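Notes follow once the structure below has been shown.
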Amino acid sequence: MDLTRKLPRAFYNRPTCQVAIDLLGRRLVRAGPDGLRAGRIVETEAYVGPDDRASHASRGRTARTSIMFGPPGYAYVYFIYGQHYCLNAVTEPEGFPAAVLIRALEPEASVPGRTDGPGRLCRALGIDRSLNGADLTGAWLWIEEGDRPCEAPLPPEQLATGRRIGVDYAGEWAARPWRFCLRGSRWVSLPRPAEVPAPASMNAR
DNA sequence: TGCCGGATCCTG
DNA sequence: AGGATCCGGCAA
């Protein structure tokens, strides 16, 4: 079975935690000047709506965050700490600001350097500001089915969850278990989440 | 216009 | 544990 079909826009037009979980095991592909670079997504985080204090969109619609308010299936790439780029996939219907941060990949052939961590994976795949707003169903940066058909959900026993990283300033929002990892993957960034079942509050808004 | 702090990573 | 180092957001 050929699992190299690009995920369609409708894939991203769903509740963000659901998309974040369903992105695990998919293949992120970058078509750059040096050819294709790809990796299997093993870690994600959900940033959900205007009330999520950990989300850039919580300060409202600005030049930087406008992409998060736009239609689903586009890349939101931002620059942080004067050094690093981070890649997100925009989710949910236009007007509702939400995205999934891609935090780690299992590297595939011809990927140089480490891919555990959102900054490292962008460096390894050659992802920078020029890809902000890129169509994730397009020709330069896309996500394929990977481990399983588009419509097949992640088997629940493969999921590990934890609190989001680096957002302790966000109060109670930092404690929400909106970080998602492939259970047992050696490619997940540190600190690894406790490997316990996902609580029901996962889909809470 | 200036200042503060960040969805990170590397070094010591 | 602390520094790097740019830029966005907000106050003035």
Side-chain angles (χ1 to χ4, degrees), chain A residues 12 15-24 26 28 30 39 41-70 72-92 96-107 111-134 136 141 143 160-182 185-193 202 204-205:
Chain A
Y12 302 95
T16 303
C17 288
Q18 197 175 317
V19 176
I21 293 166
D22 206 353
L23 280 173
L24 297 174
R26 309 298 186 175
L28 175 67
R30 160 71 170 144
I41 298 172
V42 298
E43 179 181 350
T44 60
E45 278 178 359
Y47 288 84
V48 188
D51 299 325
D52 179 358
R53 296 285 286 275
S55 172
H56 296 162
S58 67
R59 296 169 199 276
R61 189 173 201 146
T62 66
R64 181 173 67 147
T65 61
S66 63
I67 186 72
M68 288 185 74
F69 287 77
Y74 291 86
Y76 168 45
V77 180
Y78 64 87
F79 186 62
I80 192 64
Y81 296 114
Q83 316 245 67
H84 311 286
Y85 295 97
C86 294
L87 171 68
N88 295 254
V90 174
T91 57
E92 309 215 31
F96 186 84
V100 174
L101 173 66
I102 311 297
R103 285 196 57 89
L105 304 176
E106 175 178 337
V111 173
R114 294 170 62 176
T115 52
D116 55 321
R120 291 191 190 110
L121 77 86
C122 282
R123 189 158 47 113
L125 294 203
I127 294 167
D128 63 19
R129 266 183 108 88
S130 69
L131 288 167
N132 189 37
L136 290 176
L141 183 67
I143 303 175
T161 70
R163 55 188 285 138
R164 292 176 291 179
I165 302 301
V167 295
D168 286 349
Y169 60 83
E172 58 176 292
W173 291 91
R176 299 208 174 210
W178 287 355
R179 181 189 185 205
F180 306 101
C181 303
L182 272 188
S185 171
R186 89 164 248 213
W187 303 101
V188 167
S189 71
L190 298 176
R192 299 197 208 282
M202 198 168 65
R205 297 239 180 99

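Note that the coordinates shown come from a computational prediction; the quantities given were computed from them, not determined experimentally. Sequence lines set the chain letters: A, B, ... in the order given, protein chains first and strands last, and positions in each chain run from 1.
For B/dG2 and C/dT5, the P atoms lie 22 Å apart once the distance is rounded to whole Å.
Contact annotation: A/Thr62 side-chain N/O to C/dG8 OP1/OP2 distance is not under 4.0 Å. Regarding contacts with the backbone of B/dA7, a side-chain N or O of A/His56 is found under 4.0 angstrom from either OP1 or OP2. Residue A/Arg61 places no side-chain N or O under 4.0 Å from the OP1 or OP2 atom of C/dG9.
The A/Gln83 side chain lies nearest to C/dT5 when the options are C/dT5, C/dG9, B/dC10. When distances are taken from the side chain of A/Arg59 to each of C/dC10, B/dA7, B/dC10, the shortest belongs to C/dC10. For A/Phe79, whose side chain is taken as the heavy atoms from C-beta onward, the closest listed nucleotide among B/dG6, C/dC7, C/dT5 is C/dC7. Taking every side-chain heavy atom of A/Arg129 into account, C/dG8 is the closest of C/dG8, C/dC10, B/dT8.
For the pair A/Tyr169 OH and B/dG5 C1', the computed distance is 10 Å after rounding to whole Å. Taking atom CD1 of residue A/Ile80 and atom P of nucleotide C/dG3, one finds them 18 Å apart after rounding to whole Å. One interatomic measurement links the two molecules: OH of A/Tyr81 to P of B/dT8, which rounds to 5 Å at whole-angstrom precision. C/dT5 atom P lies 14 Å from atom OH of A/Tyr85, rounded to whole Å. B/dC9 atom C1' lies 11 Å from atom CG of A/Asp116, rounded to whole Å. Between A/Asn88 atom CG and B/dT8 atom P there is a gap of 11 Å when expressed in whole angstrom units. Protein atom CZ of A/Arg64 is 8 Å distant from nucleotide atom C1' of B/dG6, rounded to whole Å. B/dT11 atom P lies 10 Å from atom CZ of A/Arg114, rounded to whole Å.
Here A/Arg179 lies out of heavy-atom contact (under 4.0 Å) with every strand. Looking at heavy-atom distances under 4.0 Å, A/Arg103 makes contact with sugar-phosphate atoms alone, never a base.
A donor-acceptor contact closer than 3.5 angstrom is absent between the side chains of A/Glu106 and A/Ser185.
The existence of a salt bridge linking A/Arg103 and A/Glu45 is confirmed by a sub-4.0 Å separation between a basic side-chain nitrogen and an acidic carboxylate oxygen.
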Quiz item: Step by step, would you call A/Arg186 with A/Asp116 a salt bridge (charged side-chain N to carboxylate O under 4.0 Å, His left out)?
Solution: CA-CA 9 Å; A/Arg186 89 164 248 213; A/Asp116 55 321; over 6 Å; no
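Between A/Phe96 and A/Val48, some side-chain heavy-atom pair lies under the 4.5 Å cut-off.
Side-chain atoms of A/Glu45 and base atoms of B/dA7 include no donor and acceptor less than 3.5 Å apart.
When Watson-Crick and G-U wobble pairs are counted only if both distances are under 3.5 Å, C/dC6 pairs with B/dG6.
When every heavy atom of A/Cys86 is checked against every heavy atom of A/Pro118, the shortest pair comes out as SG-CB, 3.8 Å.
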